[in-house]
Structure formats: C-alpha cells, structure tokens
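Here is the structure we will look at.
In what follows, every heavy atom counts, from backbone to side chain, and hydrogens, waters and symmetry copies are set aside.
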Amino acid sequence: MSDFATLRSHATRLADTPVARLLQEDPGRAKALALRVGPLYANFARQRFDAQTLDALFALADDAGFAPAMRRLLDGETVNVTEGRAALHTALRGASSDASFARECVAQAAAARKAMAEMIQHLAATEVTDIVSVGIGGSDLGPRLVADALALPGARFRVHFLSNVDGNAARRTLAGLDPAKTAAILISKTFGTQETLLNGGIVRDWLGEAAGLDGGRVYGVSANVERAAAFGIAAERILPMWDWVGGRYSLWSAVGFPIALAIGMARFEELLAGAAEIDAHAASATPRENLVFLHALTALWNRNALGLATQAVLPYDERLKLLPNYLQQLVMESLGKSARLDGTPLQEDTVPVWWGGPGTDTQHSFFQALHQGTQVVPADFIGVVRSDDGYAQNHRALLANLLAQTQALANGQASDDPHRAYAGNRPSTLILLDALTPHALGALVALYEHSVYLQSVAWGINAFDQFGVELGKQVANTLLPALEGKARADDPVTQVLLDEISARG
C-alpha cells in the first residue's frame, strides 16, 4: 500500500505556503519543473509541492513499483487481474517488447491495419462520401475526439458519429445524408451492445438496398464475427477486436477505422507513432525525467494529500473541445473503483470528478467558480503553440488568455473589497503541443492513458475493468417488459414512475 500518510504530512507543512511564494523562494522552479517529450511540453511549476514533497512523491513511485508496472503492461502480463487479461493497447502502436505474446499482438494489429487500409481503398473507389460510425463509450468517444480534432477541409469522407440510443440522435445524424452515398460502421466488441444494435438497425434500414450483403455498405468492428454476420454484415467487411484491448483504450485498433477514414491512413499511422513515442518514454526514462510518472504523481498529490475532489481539463484549442468528454471516460471509468486487487476495501479516495471544456468559452461560464469559489479545483490547461488557422491575431489572443488564466489562478489578487479579491493558490499544469498534429495528439492521449494506469498501481486497483457500468444496463433490460405493459416493476418508486409515464404517454 502506498504511503499517503507521508504525503499528507507534507500537505500540512505547506498549508500556508502558496504557489506564488514557492516561485519566489526558488527562482529556478519554473524551468526545473518542466519536461519535454517529443511534441509535448509540460510545466508543473504551479502545483502546490516543493522539492521535499517531490522526494516523497518519487519515493512513493518507487515503493509502488511504477517502473516494473510499466514493463508488465508493455510485455502483456495479466494486469487486468479481475478478468484475467492483458491490456496491450500499446501493442496496437507497435510498442517494443521481448515478450512473445506482446510481439504476437503487434503482428495481429499490423494485419488489421492492412485490412483496414484495403477497405478504405475500396470505399474510395465508390461514390460514398459520408460514413456513419455507430458505437458507444470506448467505441465512440476516442474516434469521435480524434476525427473531430484532426479533420481537414476537403477530406475524401465526412464521418458522422451516432451513439445515444435516443432516437433523436439517429434522426439528426441521418438528416441531410443520401443513402446512396453513405456507408456505415458498427463498432461493438461483443456485438451485443443494446444502443449500437438499435442504432445500427435504424441505419441499416435507412440505407435500404445499399445495406445488402452483396456489395453492401455496412462494415463491422467486433470480436464476435458470428453475431456481426447474423446482423447482416459480410465476414470480409468485419475488422477484428481482441480481449486484450479494453474499449476505452481501443482507438488505436480497428476501432479507429472511422479515424482513418476521416484523416487518411497515413495520418492514422502518425497518430500511432506519437503514442508509441510516449510508450517508449514511459518505459525507459528515469523517474524524475519521466513525464508520465510526474503527471500521475501530481494527480495522486492533489487527490490524496490535498483532498481535492474534482479535476478540470481545459483545452485552449477548439479542435480539442471533445477532449474533456473523452478523458471523463478514460479516467473515471478506469479509476472509479473502491475495491483493491485482492478484493479488500480501499481506504484512500480514488478518482476525482473530471470535467471541463474549451477556452475561451469556459472563461465566461464556470471560471468564476475556479477563481472565487470555495472549492479548489486543480486543472490541466492544454495549449497549441502553432496554429494553422490563418488568423494570427486570434491565436495570440487565445494564447494570452491561456497564460493569463494559469497565472491568475496561481497568484490571485488582493483587494480591500472581498468581492473583488482573488485568493489564488489554485494549482494547474500547463501542457503545450508544438502543433495539433496526429503525432502530437497521439502522444497526448497516451500520456493520459499511462498516467491513469500508474495511479491505479499506486492505489492497488484495476484500471481495466468496468463492472460499474453493468448494473444499470441489467436493470434497464428488466424494465423493458414493464414499459411495454407486460410486467410490473419490483421497485415501488420505479412502478410509480412507470404509471406516470404510461398515463402521459
């Protein structure tokens, strides 16, 4: 068990030492607490720790076994112990390993990318202009984020995403599309996901004859070829998924088919290369030069030493507006656990609530609470140094706002008028991408993936299962007959609600 008591003693020691004083007392802090890996630069100088605290944090990393844990992940050992599986999303981008199973997975992933490229070539030779990607959770959020962030004007295909089981989502997604020029991709590991099957059925029926097996335009990504075939998808149009890749870690796999269609196969490969660069760094860099280690340790410090219950992520680039949504699943589904690997109750708090949105829009909504609210919210600010939008003045204004917010949150501003006083001492990390390229975005996402994993190692929990999402689905299935008037609910409140729905429906 990691020594969080020592961290809390450091938090007590620093309780009356604001970030502004730490910077005054250590003129070299701004550079000393910065790391660069490839296209990523991260500065931790505005976090509320000092050199002694960092010693304790890196001692925790050593005690928890961060370095060997990274090796176990990359080598395909059973890190998903509750399901008896590896978590080899790193193999999807060709991470180096001497382990035979990991090398085999790398080969499988390469073969899948080849098949994906051939399907794209086939589609490019048709009259198809639009792609509807049907999935939910990990089969939707990652591809949606990357396709939206990296889409280029005039791309060969326009990719649209459909996830919510609400029929309005399907109606709006299909509005304005031409079935004769549209193809669909159904993404589901088990091919038993209710939302995906219902929405997939709507899209298949909307496509009409174009959805037929002979020369049809419905593709599948699944580990269950039999179910996909039973749905009406030909075997040659089904790309593989594997049990050694979890859904929220799968955008690097054939789940990224919509990404490759949106940005091109060559740029998809660049995305993988960016993630692979972080894989290599996380495995080989010394702890104090390891960006993944420091990011994870900062999260542990804010949660378990300072007791901060939420975490904001604030991308200052409109193209990254979906990043908070993506990270909500990656972080909260991975770390929202209360049982340790051995089944015993966890005594420490785990994941904070992740939330956020793009600047500068959010400065005019919830930033009031960040600056003057009673709860301190640590934040990851993410900026892009070079922009290709052609509006240099706008980009300078964007960067000015990014830098100003991190400075103001840290330093605050005194005033005799309490309504105009800013307490400051609000911690943040600033991550800069040289440019928003596929390589840089791949590196950024991989940084968060590995940070999440190492946090789970420190807490002794499993970052790769998600049993917490199952109960609601199970209850929903039992309530479908009640909504059809064929049964009654066991729960009395639910039955009252069903009666109200029936009376008003």
Which pair of heavy atoms, one from [X] and one from [Y], lies closest together, and at what distance?
X: A285; Y: N290; result: O-ND2, 3.4 Å
X: L60; Y: D3; result: CD1-O, 4.0 Å
X: V255; Y: S139; result: CG1-CA, 4.0 Å
X: M265; Y: A117; result: CG-CB, 4.1 Å
X: S96; Y: R71; result: O-NH2, 3.0 Å
X: R248; Y: D465; result: NH2-O, 3.1 Å

Does the side chain of [X] come under 3.5 Å of the side chain of [Y] through a donor N or O and an acceptor N or O?
X: S222; Y: N224; answer: no
X: T360; Y: N401; answer: no
X: E289; Y: H281; answer: no
X: D279; Y: T90; answer: no
X: E449; Y: W252; answer: yes
X: S100; Y: E104; answer: no
X: S334; Y: Y249; answer: yes
X: W244; Y: N80; answer: no
X: S188; Y: T193; answer: yes

Using modelled atom types and a 3.5 Å cut-off, is there a donor and acceptor pairing between side-chain atoms of [X] and backbone atoms of [Y]?
X: T344; Y: R340; value: no
X: K189; Y: M241; value: no
X: S451; Y: L447; value: no

Would you indicate whether the side-chain heavy atoms of [Y] and [X] approach each other to under 4.5 Å?
X: W242; Y: L92; value: yes
X: I382; Y: L323; value: yes
X: T196; Y: I187; value: no
X: L14; Y: T53; value: yes
X: L430; Y: L402; value: yes
X: V385; Y: Y41; value: no
X: F49; Y: L22; value: no
X: P258; Y: F161; value: yes

Under a 4.0 Å N-O cut-off, is there an ion pair linking [X] with [Y]?
X: K321; Y: D148; answer: yes
X: R303; Y: E348; answer: no
X: R29; Y: D50; answer: no
X: D388; Y: R319; answer: yes

[atom2] on [Y] to [atom1] on [X], rounded to 0.5 Å:
X: L444; Y: I278; atom1: CG; atom2: CD1; value: 8.5 Å
X: Y219; Y: M116; atom1: OH; atom2: CE; value: 13.5 Å
X: L327; Y: L141; atom1: CG; atom2: CG; value: 10.0 Å

Q: Could you label the plane-to-plane angle of the F367 and F381 rings as parallel, tilted or perpendicular, counting under 30° as parallel and over 60° as perpendicular?
A: perpendicular
Q.
Angle between ring planes, Y453 versus F464, binned at 30° and 60°: parallel, tilted or perpendicular?
A. tilted
(Q) Let's go through Y448 and H295 carefully: what are the C-alpha distance in whole Å and the side-chain angles of both, what is the deciding distance for ring pair (Phe, Tyr, Trp, His ring centres under 6.0 Å) to 0.1 Å, and is it a yes or a no? (A) CA-CA 8 Å; Y448 278 101; H295 192 275; 4.9 Å; yes
Q: Answer yes or no: are there more than 12 heavy-atom neighbours, outside Q375 itself, under 6.0 Å from its atom CD?
A: no
Q) Going by the side chain to side chain donor-acceptor pair (under 3.5 Å) test, which pairs reach into residues 425-435, not counting sequence neighbours? A) R36-D434, Q47-T429
Q) Does the pair R288 and D55 meet the rule for a salt bridge (Lys or Arg N to Asp or Glu O under 4.0 Å), with working shown? A) CA-CA 10 Å; R288 288 180 183 266; D55 289 342; 2.6 Å; yes
